[in-house]
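Heavy-atom basis, side chains included; hydrogens, waters and symmetry copies ignored. Residue numbers count from 1 along this sequence.
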Amino acid sequence: RLSGLRFLRFSNCRIDDTLMKSLGEVFKTHESPNLEQLHLQGNSISAQGVAAFFEALSPKSLPKLSTIRVGRQHGVEGEILEGEQEREFIESVKALLASAHAEGKLPSLDSSGCTCEDENDSESETDSESETDSESETDSESETDS
């Protein structure tokens, strides 16, 4: 089991549709009840690969997954999908996600959690949140000391 896993980053790992299906099968066999974020940017995954991934999952595979990042995929020629191609890919992934969600898979993940956001954007958001949390904790400690 992968019970302690909360965050998994497979960005720029040359994952293709075949590996996506295999990854789904791994999560079906080895449930990851606490995984919240799955980052898959910069690979060579198509909508068919995402469909195979979702299809392989069971409802218990990833019950807490709330974010899946799939942007900056490489096309058949190796080029990064941009503009209209990337929007079409994301829309396809969101439709597949809605279908998986309707089947009882990925209960914590809705279309707003499926993004093509760059990891650097999310890291700076996390850093800002951490700083805010630290400031709040410091304020709370100060109030407690008085």
Side-chain angles (χ1 to χ4, degrees), residues 1-140:
R1 272 189 127 183
L2 302 171
S3 60
L5 194 61
R6 291 185 53 224
F7 179 88
L8 187 58
R9 182 178 293 164
F10 280 135
S11 300
N12 303 307
C13 289
R14 298 184 181 161
I15 295 174
D16 61 11
D17 291 349
T18 302
L19 289 174
M20 274 300 285
K21 181 178 180 181
S22 296
L23 185 60
E25 291 168 355
V26 166
F27 283 122
K28 181 177 182 178
T29 304
H30 304 281
E31 295 168 358
S32 188
N34 295 309
L35 186 69
E36 297 171 10
Q37 293 189 27
L38 179 59
H39 293 210
L40 297 162
Q41 299 101 315
N43 289 294
S44 298
I45 305 166
S46 71
Q48 291 80 12
V50 174
F53 173 76
F54 288 161
E55 189 175 311
L57 298 176
S58 76
K60 292 182 179 182
S61 297
L62 300 169
K64 290 187 179 177
L65 187 69
S66 60
T67 303
I68 184 168
R69 294 200 171 103
V70 294
R72 302 194 50 81
Q73 295 302 317
H74 296 268
V76 178
E77 304 284 320
E79 77 286 0
I80 294 175
L81 300 181
E82 295 180 310
E84 188 60 32
Q85 285 182 315
E86 186 171 44
R87 278 189 292 281
E88 287 175 9
F89 172 69
I90 294 296
E91 290 307 313
S92 295
V93 171
K94 287 182 177 185
L96 292 164
L97 175 57
S99 178
H101 197 73
E103 293 172 15
K105 300 175 183 181
L106 307 169
S108 297
L109 182 62
D110 62 21
S111 62
S112 66
C114 175
T115 69
C116 58
E117 170 180 284
D118 188 9
E119 286 180 42
N120 294 332
D121 295 340
S122 65
E123 287 172 3
S124 56
E125 286 174 19
T126 303
D127 291 344
S128 299
E129 290 170 9
S130 297
E131 289 171 13
T132 304
D133 290 344
S134 297
E135 290 169 7
S136 299
E137 288 172 15
T138 304
D139 292 345
S140 298

Determine whether V93 and C114 make a side-chain contact, defined as any pair of heavy atoms from C-beta on separated by less than 4.5 Å. yes
Given side chains that start at C-beta, do those of L65 and L38 come closer than 4.5 Å, heavy atoms only? yes
Which value, rounded to the nearest 0.5 Å, describes the distance between K64 atom NZ and L35 atom CG? 11.0 Å
Can you tell me how far the OG atom of S108 sits from the NE2 atom of H101, to the nearest 0.5 Å? 8.0 Å
Which atom pair, heavy atoms only, marks the closest approach of E55 to K105? O-NZ, 3.0 Å
Side chain proximity check, F10 to L23, heavy atoms < 4.5 angstrom: yes
Heavy-atom pair with the smallest gap, counting every atom of Q37 and F7: OE1-CE1, 3.2 Å
Please report the interatomic distance CG(D110) to CG(L97), rounded to the nearest 0.5 Å. 7.5 Å
F89 and V70: which non-hydrogen atoms are nearest, and at how many Å? CE2-O, 3.4 Å
Do other residues, nucleotides or ligands put more than 12 heavy atoms under 6.0 Å from E36 CD? yes
List for me each residue that meets side chain to side chain contact (heavy atoms under 4.5 Å, CB included) alongside A51, sequence neighbours excluded, and say none if there are none. L96
Rounded distance [0.5 Å steps], CZ in F54 versus CE in M20: 7.0 Å
Between R72 and I80, the two heavy atoms sitting closest are NH2-CD1, 3.1 Å
Is it the case that the side chain of N34 and the backbone of S3 share a donor-acceptor pair, with hydrogens and angles ignored and the cut-off at 3.5 Å? yes
Would the distance check show the side chain of T29 and the main-chain N or O of V26 forming a donor-acceptor pair, the cut-off being under 3.5 Å? no
If you take all heavy atoms of P63 and P107, which pair is closest and at what distance? O-CG, 3.6 Å
Heavy-atom pair with the smallest gap, counting every atom of K28 and L57: CB-CA, 4.5 Å
Distance col, row E79:CD vs L81:CG, nearest 0.5 angstrom, shows 6.0 Å
Please walk me through it: do S46 and D17 pass side-chain hydrogen bond (donor to acceptor under 3.5 Å, both in side chains)? CA-CA 6 Å; S46 71; D17 291 349; 2.5 Å; yes
Which residues share a side chain to side chain contact (heavy atoms under 4.5 Å, CB included) with N43, sequence neighbours left out: C13, I15, L40, I45, Q73
Looking at T18, is its backbone amide N or carbonyl O close enough to the side chain of S22 to form a donor-acceptor pair, meaning the two atoms are under 3.5 Å apart? yes
If you round to the nearest 0.5 Å, how far is CZ of R69 from NE2 of H39? 4.0 Å
Excluding sequence neighbours, so at least two apart, what forms side chain to side chain contact (heavy atoms under 4.5 Å, CB included) with A56? E25
